[in-house]
Amino acid sequence: MSQPSSQPPNRPAPNPPDAAARLPRSEPAPSGNRLGEPGPGPLGASADQSPALLPAEREAITFYRPIEDREADRAPLSTHLIRRIFTYTRARRRWRNWLFILTFLRGFQLPALAWMIGQTINGPIAGQNLAGIYRYAALYLALAIAMVVTLHFRQRLALQLGEAVAHDMRSDLFRKLNSLPMSFFNRTKFGRIISRMTSDIDNVRVAVQDVAFVVAIQAIQMSVAALLMLWYNWKLFSIMLLFVPIIWLINENYRREVAQRLRKMQETWNRLTSTLAESVSGIRVTQAFVRQEINAGFFRKLVNLHGENNVGVAHASAVFIPLLQMKSQLFLGAMALLGGYGALRGQGWLHMEVGDLVMFFFLANFFFDPVQVIGNQYNQALSSMAGAERYFRLLDAQPEWTDAPNARPLPPIRGQVEFQEVCFEYDSGRPVLSEISFVVEPGQTVALVGHTGSGKTTVVSLLQKFYLPTRGRILVDGQDLLQITSDSLHAQMGSVQQNNFLFAGSVLENIRFARPTATEAEVRATLQTLDSLELLQGLPRGLETQVGEKSASLSLGQRQLICFARALLADPRILVLDEATSAIDTVTEARLQRALEALLRARTSFVVAHRLSTIRKAGLVLVLETGRIVERGTHATLLAANGVYARLHQEFVRGGLSV
């Protein structure tokens, strides 16, 4: 029979086929050098030589399209989010409290050094007191050493606190993801989940270890420098304040321009990496359809666009950074003119001691530099707010259903299963199953057959409590699944899916996944029962063979054998086989069938059937069509009825699937 659909029936339509793939292979597909703009083709043709793009071609995978649902990378500052982020520091409150103390000290230290220089010049140097110079030098050295020690521990504690917060956030999110039902993963993009776990949490980590404490240090440093300058010469300080709005405007324009260009650069970089990964994964398809030149042209266009964005960032930096640095030269020039005049004349409102003038030079830098630093940190804070907002939105997501508050653990079961008028809808108003009723006795094998989309996989998904029925009841040993905990149910069930998913690691580790405490001897005994031990021992390193990325080092049949062993090692009372033998050759399946006859005899098993050999030996065959059971019985009685199953059987035989 046809493969079942494991996804909701209303999935969005796939991307339209690649129009360029339908062109003659001698003619390169047109390409573009901007977002959606025609441009040089992959073989170097100019824009004028390229044919006009048809609407379908503009949607083809060989052309760059901007991401329409890109998430906001900035969000307003929120005291609620800030408080919630800092709740993750409670477990390390000692680190956090010391950080605040060191931050406060650090904010005073640099202005104190400038003050020490001014006092040294006005005091012992002006008075030519050598002993005083030594004494002030010793104090300056002590303050400098204290500054270095403070900086070391502040940075160290900040990094530790940031990593600790990121660690706890990732742990909480992973725990949350493992508790969500299958419906959540059906409607949520995988890339979005990865983004929450990586870049969003990293943005929050940076906010904790950098933004909060760096801004505090810069604000204290700026305030202390301003107070000292105001104390020594408020008139000169007032003149200096005229430069602040100019510096702030330049910094804001620079930050806004560079942030926009960096965002474009990040988008093209993400597209580059994803295109590279997709190209490597699909290299067989690329070579099979002779798409090397077309794909290479598309990739060259992305590289060019990424390079242009990189140059744009460099151009913006080259324009604005000199302007930002020029403020120091402008102010120092004004200070030298006005302060020097007052120091030399020795009178008037501009009069200053030489030491105070030198101190003003240093304090001015400590006053102006934080303007740019705080602006950059503010930009990072907005990015952190966006990341925190997305993270907590996912962490707070309420699942469509959870176990009932009074749900109880399922005791050891015999394996009786009953569906009572079960109906199910992935989306309201679009029924997938209607009035499904049947009873399966302990140890009985049930085969579910039908065309794609008939509801076979949905039936076994409901049995495994991946979804809850819209109406009706599902009973296991007479107990309603709604009244028992999901974990206790899954602990007595085994499952082998069609996609035969394996985790990174060895063959042995993947089989032990179902029961980590199993010994190697127990694993070998399970494989021996399946009559497949020698097949897996024949791998390059036997059971220690690494399965490789996406299990590329194993054949489909080997992967499914491992999945069989993984399920059977758990010794389940109910076993679900969802198209589990679809990729096993007839010789391998013949060996498996001999073992499965003995293994399934004492277990209730549900088989989404693909081969006639499985259906013939099933105690009950359920024929589904458009979400309803249209026929039920054994293989022989259904053939004799000459109905829907008989027609499906003829399709099997014509397709050469009988064994």
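When reading the values below, keep in mind they use all heavy atoms of this one structure, side chains included, and skip hydrogens, waters and symmetry mates. Just so it is clear, the model here is predicted, and its values are computed rather than measured.
L394 and K176 make their closest contact through O-CE, 3.8 Å (heavy atoms, listed as atom of the first residue, atom of the second, distance). Contact between V211 and A381 at its shortest, heavy atoms only, is CG1-CB, 3.9 Å.
One finds the CE atom of M169 at 8.0 Å from the CG atom of L395 (value rounded to the nearest 0.5 Å). Of the inter-residue distances, the one linking R96 atom CZ with L99 atom CG reads 10.0 Å to the nearest 0.5 angstrom. To the nearest 0.5 Å, atoms CD (Q160) and CH2 (W95) are separated by 4.5 Å.
Partners of N178 under the side-chain contact (heavy atoms from CB on, under 4.5 Å) rule, at least two apart in sequence or in another chain, are F174. With sequence neighbours left out, V224 forms a side-chain contact (heavy atoms from CB on, under 4.5 Å) with F108, P111, I220, L228. Partners of R175 by side chain to side chain donor-acceptor pair (under 3.5 Å), not counting sequence neighbours, listed by chain and number: D172. By the side chain to side chain donor-acceptor pair (under 3.5 Å) test, D168 pairs with R92, sequence neighbours left out. Under the side chain to side chain donor-acceptor pair (under 3.5 Å) criterion, R135 pairs with no residue at all, not counting sequence neighbours. Applying the salt bridge (charged side-chain N to carboxylate O under 4.0 Å, His left out) test to R90 and every residue at least two apart in sequence or in another chain returns nothing. The ring-ring contact (aromatic ring centres under 6.0 Å, His included) search around Y134 returns none, not counting sequence neighbours. Under the rule for a ring-ring contact (aromatic ring centres under 6.0 Å, His included), the partners of F466 that lie at least two apart in sequence or sit in another chain are H490. Under the rule for a ring-ring contact (aromatic ring centres under 6.0 Å, His included), Y391 has no partner lying at least two apart in sequence or in another chain. Looking at residues two or more places apart in sequence or on another chain, you find no ring-ring contact (aromatic ring centres under 6.0 Å, His included) involving F392. By the side chain to side chain donor-acceptor pair (under 3.5 Å) test, D487 pairs with no residue at all, sequence neighbours left out.
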### Pair D403-T485, side-chain hydrogen bond (donor to acceptor under 3.5 Å, both in side chains): steps then yes or no
CA-CA 6 Å; D403 288 336; T485 61; 5.3 Å; no

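With hydrogens and angles disregarded, a donor-acceptor distance shorter than 3.5 Å links the side chain of R170 to the backbone of M197. With hydrogens and angles ignored, the 3.5 Å screen pairs no side-chain donor or acceptor of Q218 with any backbone N or O of A216. Judged by distance alone, with hydrogens and angles left aside, the side-chain atoms of S384 form a donor-acceptor pair with the main-chain N or O of N203 at under 3.5 Å.
Note on ring orientation: taking the six-membered ring where Trp is involved, the planes of F513 and F503 are parallel (angle under 30°, cut-offs 30° and 60°).
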Exercise answer: donor-acceptor pairs, residues 141-159 side-chain atoms, under 3.5 Å, sequence neighbours excluded:
from: T150; atom 1: OG1; to: Q109; atom 2: NE2; distance (Å): 3.0
from: T150; atom 1: OG1; to: A146; atom 2: O; distance (Å): 2.7

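The shortest side-chain heavy-atom distance between I85 and M385 falls under the 4.5 Å cut-off. At a threshold of 4.5 Å between non-hydrogen side-chain atoms, the residues V165 and R205 do not count as touching. Using a 4.5 Å cut-off on side-chain heavy atoms (C-beta onward), L227 and W231 make no contact. For the pair E389/L81, a side-chain contact is recorded, criterion being any heavy-atom separation below 4.5 Å from C-beta on.
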